[in-house]
> 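First, the structure itself, so that you have it in front of you.
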Amino acid sequence: MFSKALFKQSMKANWVKWLCVTVATCVMLAIVIIVLGSLAINDIRDSLKGVFTEAGQEGFLKENTVDSYDAYNLSVTFAHNINDPQTFGALGGMYGTLVKDYADAVDALENPTDAEKDALKSEVSLSLSSKYAPLVSLMGMDMTEEELAQFFYILFMVRDDNPTFTLPNPADYVDDTYTNGADNPAYQLAYAEALNELKDALKENFVEYAGMTAYELYIEKGEEEAVASEYAKQAEKLTNDAFSSYAEKASADDFVYDEEMFKEEAKAYVINMIYEEARAKYLPNGEENATEEELNTAEQYGVVAKVLANTALSTYELWLDEYSNTEKYPDLTQAEIKDKARSEAVESITDQIPPDVGEALEELGNMDIYGLIIGSIFYRIAGLLLPLVFVIMVANGLLAGQVDSGSMAYVLSTPTKRRTVAVTQMAYLMLSLFAMFLLVTITSVISIWVVGGNNFAINFAEICFFNLGAFLTAFAFAGYCFMCSAIFNRSKYSMSIGGGLSIFMLVCTILGLFGSNVVPSAMRIDAMNVFNYFSIISLFDTVSILEGAIAFAWKFAILVGISIVTFIIGVFRFEKKDLPL
Amino acid sequence: MEEVIKAEHLTKDYGGGRGIFDVSFFVKKGETFGFVGTNGSGKTTTIRHIMGFIKPKRGQVFVQGLDAWKDSCKIKENVAYIPGEIAFPDLSTGIEFLKAQAELLKLNDMSRADELVKRLQLDPSANLKRMSKGMKQKTAIVAALMADKDILILDEPTTGLDPLMRETFLELILEEKKRGKTILMSSQMFDELETTCDRVALIYEGKIIDIADVNALKNSTIKSFKIEFLNKEDYQKFKKLKYKIVRDQEKYFQVTVEIDDGEINKLFRSLKNYKLKFIAEVKYNLEKHFKKVLEKELKGGQNV
């Protein structure tokens, strides 16, 4: 089955080709990896990526600014509304309905869970707020429907803390027996105390509510629980501060409620908060232990944050004014106006780029240039070219070439079986290719080690799989070319059908590259992907290897299958055919 | 005597009249058998069948009783071959080639090879690619003969050799023959087959037309003489005598007569009365013989 003499003869005939191709491929690969490793080729990519990360941060910061501003204003309005004793008188009746509606709704369900109860609370709050909003407005109270619903929900929260809670009714604090028809000061004091107690409870629950809302919002944005908790605390502090600020001002004798003044205050408060937050991010050891450099950096970023926050708020205010114009936008509700203005205000740089261009740029930022050049270009095209030429030439020379020239007669005029000839030549082709890729693999591993080992964009495991893939691809081509060499008696047919198709496939892979998804969409022509279906090199899936997926494994198995089948056909065909020797 | 090579109704039709058709012959042990024929007549195709390189469409070839196609590897233990086309494997020098060949033949003793190299005045250290046609042929001869196989199959082995070398080679073949080798060789040259072969087959358009016994031909008692007369009268008078005239050239007053050895004195007596320009014996050789056979075949073919 195997002839050592013939194997030696094949080695002598082909060692120069083998050496040239192996050395050239190894040198090429080493240059590619070392050059890529020493040049900061990913700089542009990183800066692009940076733009998008910063844009994301910018959007996040602006959202936080606008939301905080809203929360502050809402707190002030809430504080103002509950500061007016009249409010409670008017709300007394509504509260009764609220409790009754809720009790009815709970009774309608069998054994409701806590979550269902919470949902019912929101539901009842919402339905009653739309019902009572016109009435509240008539009473001259500055409460939108949304605010009213919120207020009702907070009343539920207060009630949860104290199940026997009722709104203090002024009628309960009237003493008819008191002289001159005036109120009894003791009763007045008692009523005021009851109101204050209620206000405190409301405030407390409002703060809790604000924290809860903020937590949910940040979880919804995809932040981690710890981060969301941070922002919840921030919201609670902000709400608390807003209440305190209102209370301080309201306690003055000459207090007049001025909405604009509180808005200015809210603006200043939020901008300062954002500034402090940004600074704190760059002072990991706290203000006291910070180095001068750290302080400078923190200040720099703080100012940037301040400017961004200011811009966001100004934009927000402008768009609120714009959308509040009922002549231009007659159909917008209060909530819609806020939403629209908010989305205008939180826009970042990248939001202003057209979506297609934005996507293309973002993809460019995320593109893996090392994977593209080493995987898709070197191992699948450039590095495969020379081994492929070697395979085409040597496979032809091992059988068809010798039959065509007639030199095969010398081998076959000795007691050497044809199967032995075919198997020996096959073994030479396989082993020479294996040795070639073994050296290429060693070169690649050394080169990766030189440029930083596993810290390099492509690690040892990935580069080994690349080499295995290239070897199996070349191996499949070797099988096919060997089969052609065994079938044909003329070099020209063996070369043109074996080598021709192989080169055709390589060219298809080059063209197909422009249609494959390793190329960023800005440069990609999707229709070119059709070429990939004409090439078995497509079974060498470098993308799958880099993604750590398993898809490449079964594609490798197909390549091995092609090799086995073609080599076997080659051996059997050579054994059976007529030889013109 | 044992038939070392035996072909039975060997047929391989390549279409368009090319190929070989119903070729049957045998070569006995120790015999030297020749194949003669024009280019494309089927000599090489027949030899390829014997070597087991191609599978007959019909018929069979046996070498030492083994089927040449099925047991092609086994028969080569006793067969040496010089291919018609000289193309060596991709190796650098003649020595390297001979060594590789010896390895394939599992031959350790190179003394016979050295002897052959000396006889053929070959420089085996020369680069295979730069060798002249003659040098290549000598190398191929050494490669074939060095293992001292019992059966030699030589496809036009003298092509490219200069006349002196050809003589040396033919001597070599005769020596091998004396050593009891069974030899089958093809050639386009009658004389070299005549000197070496016991029997020669003529192949024409894929068929064996005739197999001639060279020894019988050499010992034939029939002789031909070419006679030219000085004048026309003598020429015409001579023609009236009852000699077998095989060729008549009136323009030169020339005739070629064929007589048995016993008639020689009678002929000379007859010629006494004529004025001759010259008389020469025309040897009856293989070439003549086959020409005659072929002419007959062609005429026969036309008649049919």
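Below, read A as the first sequence line, B as the second, and so on, with proteins coming before strands; counting in each chain starts at 1. Basis for what follows: all heavy atoms, side chains included, without hydrogens, waters or symmetry-related copies. These numbers were taken from a predicted model, which means no experiment stands behind them.
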> Is Y493(A) atom OH crowded by more than 12 heavy atoms from other residues, nucleotides or ligands, each under 6.0 Å away?
no
> What side-chain hydrogen bond (donor to acceptor under 3.5 Å, both in side chains) pairs are there with at least one residue in residues 56-67 of chain B, not counting sequence neighbours?
Q60(B)-D67(B), Q64(B)-N78(B)
> Mind ranking A147(B), G84(B), A143(B), C73(B) by heavy-atom pairs under 4.5 Å with chain A and telling me who comes out on top?
C73(B)
> Counting only heavy atoms not in N108(B), do more than 12 sit closer than 6.0 Å to its CG atom?
no
> Anything in residues 386-411 of chain A with a heavy-atom distance to chain B below 4.5 Å? Please list those residues in order.
S405(A), G406(A), S407(A), A409(A), Y410(A), V411(A)
> Assess whether atom CZ of F2(A) is packed by more than 12 heavy atoms of other residues, nucleotides or ligands within 6.0 Å.
yes
> Rounded to the nearest 0.5 Å, what separates atom OG in S72(B) from atom CG in L412(A)?
7.5 Å
> Side chain from CB out, backbone as N, CA, C, O: work out which of these in K576(A) comes under 4.5 Å of a heavy atom of chain B, or both, or neither.
backbone
> Spell out the residues in residues 416-423 of chain A that have some non-hydrogen atom less than 4.5 Å away from a non-hydrogen atom of chain B, in order of number; otherwise answer 'none'.
T416(A), K417(A), R418(A)
> Could you list the residues that satisfy salt bridge (charged side-chain N to carboxylate O under 4.0 Å, His left out) with K149(B), not counting sequence neighbours?
none
> How about Y14(B): does its OH atom have over 12 heavy atoms from other parts shown lying under 6.0 Å from it?
yes
> State the NZ-CD distance between K4(A) and E103(B), to the nearest 0.5 angstrom.
7.0 Å
> Inspect the contact between D578(A) and K12(B) and indicate whether a charged nitrogen and a carboxylate oxygen are less than 4.0 angstrom apart.
yes
> With a 4.5 Å cut-off on heavy-atom pairs, point out which of M51(B), E96(B), E85(B) contacts chain A the most.
E96(B)
> Between A80(B) and chain A, with a heavy-atom cut-off of 4.5 Å, which part of the residue counts as in contact: side chain, backbone, both or neither?
neither
> Which heavy atom of Q101(B) sits nearest to which heavy atom of S413(A), and what is that distance?
NE2-OG, 4.2 Å
> Would you say the side chain of I54(B) lies within less than 4.5 Å of the side chain of P580(A), judging by non-hydrogen atoms?
no
> Is F25(B) atom CZ crowded by more than 12 heavy atoms from other residues, nucleotides or ligands, each under 6.0 Å away?
yes
> Might you confirm whether atom NZ of K207(B) has over 12 heavy atoms from other residues, nucleotides or ligands at distances under 6.0 Å?
no
> Please indicate whether Q121(B) has more than 12 foreign heavy atoms, meaning atoms of other residues, nucleotides or ligands, lying under 6.0 Å from its CD.
no
> What do the steps show when you test L104(B) against Q9(A) for side chain to side chain contact (heavy atoms under 4.5 Å, CB included), and what is the final call?
CA-CA 10 Å; L104(B) 282 166; Q9(A) 198 172 308; 3.9 Å; yes
> Are more than 12 heavy atoms from other residues, nucleotides or ligands located less than 6.0 Å from atom CE of M11(A)?
no
